[in-house]
Structures are given as C-alpha cells and as structure tokens.
There are 2 protein chains.
Amino acid sequence: MPVHQPSKPRARRPATEARPYHHGDLRRVLIDAALQLAAEGAEVSVREAARRAAVSPGAPFRHFPNRDALMAAAAEEAQRRFRAEIDAALREAPAADPLARFRAFGLAYLRWAMRNPAHFEIISTGRYFAHGSSPDLTRDNAELIALTEQMLVDAAEQGLLRSADLKRIQVAGRALVYGFARMNLDGHFPRWGVGEGEIERMAEGVIDLFIAGIAKP
Amino acid sequence: MPVHQPSKPRARRPATEARPYHHGDLRRVLIDAALQLAAEGAEVSVREAARRAAVSPGAPFRHFPNRDALMAAAAEEAQRRFRAEIDAALREAPAADPLARFRAFGLAYLRWAMRNPAHFEIISTGRYFAHGSSPDLTRDNAELIALTEQMLVDAAEQGLLRSADLKRIQVAGRALVYGFARMNLDGHFPRWGVGEGEIERMAEGVIDLFIAGIAKP
DNA sequence: TCTCTATGTAATCATCGATTACATTTGGCG
DNA sequence: CGCCAAATGTAATCGATGATTACATAGAGA
C-alpha cells in the first residue's frame with residue numbers, strides 16, 4: 001500500500017536552510033568529489049561522493065548509469081587537466097628543436113604524474129576509458145600520440161636519430177615514462193633506493209638518458 | 001564459560017557425503033582460487049574463493065585475517081612463479097656477457113608479464129605487498145634488484161657502457177620494462193598501433209633499443 | 001581415552017552498487 | 001497566468017560482499 005503521505009506540508013524553506021531540493025550542478029560536484037576522494041587515497045564510492053554532495057545515495061544514478069560511468073567522467077576531467085599541462089609545456093618549448101620538444105613533453109608528463117598520482121592512475125588504468133570511452137578521450141589520446149610521432153618524424157628528417165625505426169622509439173619512450181610514473185604510483189621507488197626528494201630529478205635524468213640513447217652521437 | 005549446548009546430536013555422516021569437515025589444505029586452495037579468479041579477469045572476492053573451495057563464506061577468515069591478506073599470499077605465490085622463470089632464463093644466458101644477461105632478464109620479465117598479465121598486476125600493484133609485506137617477498141625483490149645492479153657493474157667494469165651513472169641506467173631500464181608490461185596490462189597497445197601478435201616482438205625490439213642506447217658504440 | 005587447539009559452519013552486520021516508486025522543481029506551452 | 005511533462009531528487013529496498021561472533025567438529029598428543 002502507498003505508505004506515502006504528504007505528512008510534511010513542507011514549510012516554505014527558511015533562509016537558513018541553504019540547500020534547495022534541486023542541487024544545481026550535481027553532476028559536476030560528483031565528479032569533483034570523485035577526484036578529490038581519489039586524491040585523498042580513499043576508495044571512490046558513489047555513496048561517499050553523494051555524501052559529500054549532501055545528496056541521497058540514489059541521486060548520483062540520475063546522472064551516471066553506474067559507478068564506472070562516474071569514474072569515466074572523472075577520468076575525462078583529469079585527462080583535460082593533464083592535457084592542459086602538456087600543452088602549456090609545449091608552448092614554452094623551442095618550436096624548431098624536435099628532440100627538445102620530445103624532452104619537454106616527457107618532463108611535463110612525468111611532473112604531472114608525480115604530483116597527481118591518483119588522477120594519473122584514473123586516466124591510465126584503462127578500466128575507465130578503454131572500451132566504451134568517450135570520443136573526446138579517445139581523440140585526445142590519439143592527438144597526444146600523434147604529437148610525439150610528429151616530433152620523431154621531424155627529428156629523423158633533421159638527421160638527429162641513430163635509428164630509423166620511429167615506432168619502436170616512440171613505444172619505448174612511452175613505456176619509459178609510463179613505467180616511471182607507475183613506479184611512483186605503485187610505491188616502488190623506496191625499494192629502488194630513490195628517495196622522495198630525488199624522484200623528480202631522477203625523472204629528468206631518465207628522460208635525458210633515453211634521449212641521449214636515441215640521438216645520433 | 002562455554003555457553004555451549006549439544007542441541008543437535010548430529011547424525012553420523014553417511015558415506016555418500018564426500019567432503020570431510022576439515023578441508024585438508026584450505027589455505028593453499030584459496031590462494032590458487034584467488035590466482036585463478038584473477039587470471040580469468042574476474043574480481044577476486046573472498047566469498048567466490050570460498051565457493052570454489054566448497055567451503056563456507058567465513059572459513060577463509062580462519063586462514064587470512066582479511067581479503068588483503070589473501071591477496072598478499074596470492075601475490076607471494078605469483079612472485080615465486082615469476083622468480084622461477086627469471087632464474088631459469090638467467091641460467092641459460094651467457095655467464096660472461098653482462099649486457100646479454102641484462103637483455104635476457106628483461107626479455108624473461110616481459111614474456112612472463114605478457115603471458116600472465118593478471119598475476120603480474122597482483123605482484124606489482126604494490127597494494128598487496130608494499131607496507132606489511134612478507135619478508136620473503138621483500139627479500140626476493142631486493143635480490144632481483146641486486147641482480148640487475150651487478151650486471152651493470154660488470155658491464156661498466158668491462159667498459160661496455162657509455163655512461164657511468166649506473167643507478168640512472170638501472171632505474172630507466174626498470175621503468176622501461178615495467179611500463180611496457182603495464183601498457184599491455186592496461187590495454188594501451190591498440191591505441192599505439194601495436195597489434196596483439198606484434199607485442200612480444202615489440203618487447204624485444206624495445207629492450208634492444210635500450211641496450212643499444214646505453215652500450216658504448 | 002580425554003582434552004586442547006585448529007578449523008569449519010551458521011547467523012548476523014554494515015557497506016556498497018543498483019533499482020523502483022514516489023516527490024518536487026523547473027521550464028515550456030496553451 | 002496556469003498547467004503539465006520532463007528532469008531531478010528522496011526513500012525504501014535488494015543482492016553481494018567483507019567481516020565478526022557463537023558454536024560445532026576433527027585431529028593430535030598427554
């Protein structure tokens with residue numbers, strides 16, 4: 001039976017009661033909450049995000065069909081911030097020196113990953129954007145890949161590289177920075193004798209070692 | 001004091017009932033179930049492991065204080081297998097050529113990671129062996145790190161390396177293979193234009209590129 | 001044989017993702 | 001303006017899971 005009854009006529013909301021029935025921009029707030037939870041090292045749960053948005057546990061499902069969709073949206077937002085950082089770094093890099101640009105790219109990549117490890121994990125784990133990912137994210141990724149590819153093509157044309165196998169260089173470079181970022185994320189560096197304070201310097205050193213390795217002597 | 005009461009006289013178990021009350025080696029079976037679940041791409045849940053062992057949902061907690069402890073034990077077992085593979089590869093590598101050994105190490109590492117991605121994730125994610133990890137696992141890891149270090153020291157003594165910064169080379173090499181393995185795990189290769197069938201060949205190519213980069217020309 | 005301890009079961013809890021029925025706003029349309 | 005439909009929030013509920021507790025049973029050794 002309808003247990004339902006307008007028991008509370010719902011007095012006109014006094015000025016002290018801040019939150020209206022409708023939230024305003026719940027979707028956005030949920031994404032931010034998810035990113036913040038991740039950054040705090042906590043598990044991202046839909047309910048906790050709802051709690052932080054001061055909203056009922058079911059409300060988020062009005063905006064996201066399931067938890068993964070929320071995580072995917074958070075990944076998209078994190079990727080947006082990541083991409084902005086990369087672009088900024090490239091704007092400051094010398095336009096004419098492809099290897100310098102390659103280096104700047106790697107450095108910006110690692111710096112962001114070091115400083116936003118949880119967000120880096122979200123955008124790279126693949127769980128949240130691999131198959132059903134947003135077209136934006138897919139395009140964004142393809143653009144970044146094409147960027148590094150172009151740098152290597154330019155470098156090869158200028159005769160800067162020892163090897164002509166650009167694909168191999170590209171994948172190796174990617175594996176290098178990705179692996180470095182994950183080592184940090186997964187807490188491997190203590191075991192490898194790299195102290196907290198040395199990590200960013202080591203990142204730079206590793207990138208330089210790689211570039212020296214591929215560059216024509 | 002035993003609030004205990006023999007309420008049920010409990011009939012003698014008929015011969016048709018196969019499983020005895022005590023399991024025999026539940027701990028072992030649970031670990032195997034966890035590894036198998038991971039290998040199947042499923043989420044590893046304590047209950048599902050218990051189900052596969054045909055045991056009550058609470059039983060696993062007699063052997064592991066919590067889920068993470070089960071995962072840690074599974075990680076330990078996976079690491080044992082991984083280590084065995086590495087050791088086997090090194091036994092077949094030329095004892096006198098440190099760079100060839102370095103290469104063999106990297107290849108064995110990646111081959112195992114490509115063929116056992118889920119197990120590789122368990123042993124590397126750090127979630128299950130970072131802080132309260134078993135001494136065995138910690139020691140094992142330290143040994144592997146020391147192994148690669150020794151190879152590089154030998155190579156340097158034989159004048160095979162371009163750079164004297166062995167630590168940097170070591171970390172870079174580790175980041176390279178770790179990153180490659182994670183790219184595979186995280187499903188990045190399709191985006192990078194590396195087809196399913198080319199991955200192992202690319203792994204070899206990437207390792208060779210790295211070694212060519214650090215070796216004295 | 002008797003008892004202690006290890007190990008398994010049953011019942012129960014809190015949390016979480018997810019769904020459903022219902023309530024409240026809001027915005028558009030007459 | 002007034003009404004209605006769509007959007008958005010709430011409350012109640014479900015099934016699965018990790019975890020705990022009281023109790024049952026088996027096996028080993030005195």
Side-chain angles (χ1 to χ4, degrees), chain A residues 1-14 17-31 33-34 37-38 42-74 127-128 132, chain B residues 1-15 17-31 33-34 37-38 40 42-74 127-128 132:
Chain A
M1 56 180 45
V3 192
H4 213 9
Q5 206 94 358
S7 45
K8 295 183 201 167
R10 179 67 77 147
R12 192 153 312 285
R13 155 170 29 78
E17 187 181 326
R19 201 172 57 78
Y21 188 91
H22 279 258
H23 185 287
D25 196 0
L26 183 53
R27 184 188 155 86
R28 182 37 167 245
V29 171
L30 289 171
I31 291 174
L37 279 170
E43 309 248 339
V44 180
S45 81
V46 176
R47 293 177 102 97
E48 181 59 27
R51 235 168 265 135
R52 299 214 172 178
V55 100
S56 82
F61 293 93
R62 288 291 178 193
H63 298 271
F64 306 97
N66 52 41
R67 176 181 181 277
D68 273 12
L70 169 58
M71 295 307 289
R127 189 132 118 263
Y128 303 121
Chain B
M1 251 4 351
V3 191
H4 211 3
Q5 206 94 356
S7 45
K8 293 184 199 168
R10 179 64 75 149
R12 194 156 310 286
R13 152 170 31 77
E17 187 181 324
R19 202 171 56 77
Y21 189 91
H22 278 259
H23 185 286
D25 196 1
L26 182 54
R27 185 188 155 85
R28 181 40 166 239
V29 171
L30 288 171
I31 291 173
L37 279 169
E40 290 167 12
E43 309 246 340
V44 181
S45 82
V46 176
R47 292 179 102 96
E48 181 58 28
R51 233 168 266 136
R52 299 214 172 177
V55 99
S56 81
F61 293 93
R62 289 291 177 191
H63 298 271
F64 306 97
N66 52 44
R67 177 180 181 277
D68 273 12
L70 168 59
M71 296 307 289
R127 190 131 119 263
Y128 303 122

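Just so we're clear, the structure is a prediction, and the values are computed from it rather than from any experiment. Just so we're on the same page: letters track the sequence lines, and every chain starts at 1. What's counted below: heavy atoms across the whole structure, side chains too, no hydrogens, waters or symmetry copies.
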* Please give, in whole Å, the distance from dG18(D) P to M71(B) CE? -> 10 Å

* To do: Can you see which heavy atom on V55(B) is nearest to which on P60(B), and at what distance?
  => CG1-CD, 4.3 Å

* Ignoring hydrogens and angles, tell me if any N or O in the side chain of R47(A) forms a donor-acceptor pair with the backbone of G58(A) under 3.5 Å. => no

* Asked: What is the distance from CG of L26(A) to C1' of dT24(C), rounded to the nearest Å?
  -> 15 Å

* **Reported CZ-to-CE distance for the pair R127(B) and M71(B), which is rounded to 0.5 angstrom** => 8.0 Å

* Mind checking the CD-CG spacing from E48(A) to L30(A)? Nearest 0.5 Å is all I need. => 11.5 Å

* To do: Supply the atom-to-atom distance D25(B) CG to H63(B) NE2, rounded to the nearest 0.5 angstrom.
  => 8.5 Å

* Could you list the residues that satisfy salt bridge (charged side-chain N to carboxylate O under 4.0 Å, His left out) with E40(B), not counting sequence neighbours? => R52(B)

* Rounded to the nearest angstrom, tell me the gap between atom CG in D25(A) and atom P in dT8(D). => 10 Å

* Structure fact -> R27(A) CZ to dG9(D) P, in whole Å, measures 12 Å

* Under 3.5 Å, side chain of R51(B) to main-chain N/O of S56(B), donor-acceptor pair present? -> no

* What parts of residues 58-68 of chain A reach DNA chain C, counting only heavy atoms under 4.0 Å away? -> F61(A), R62(A), N66(A), R67(A)

* **Intermediate values then yes/no, side chain to side chain contact (heavy atoms under 4.5 Å, CB included), F61(A) and V46(A)** => CA-CA 9 Å; F61(A) 293 93; V46(A) 176; 3.8 Å; yes

* Taking only heavy atoms on the protein side, list every residue of residues 42-51 of chain B lying under 4.0 Å from any atom of DNA chain C, sorted numerically. => none

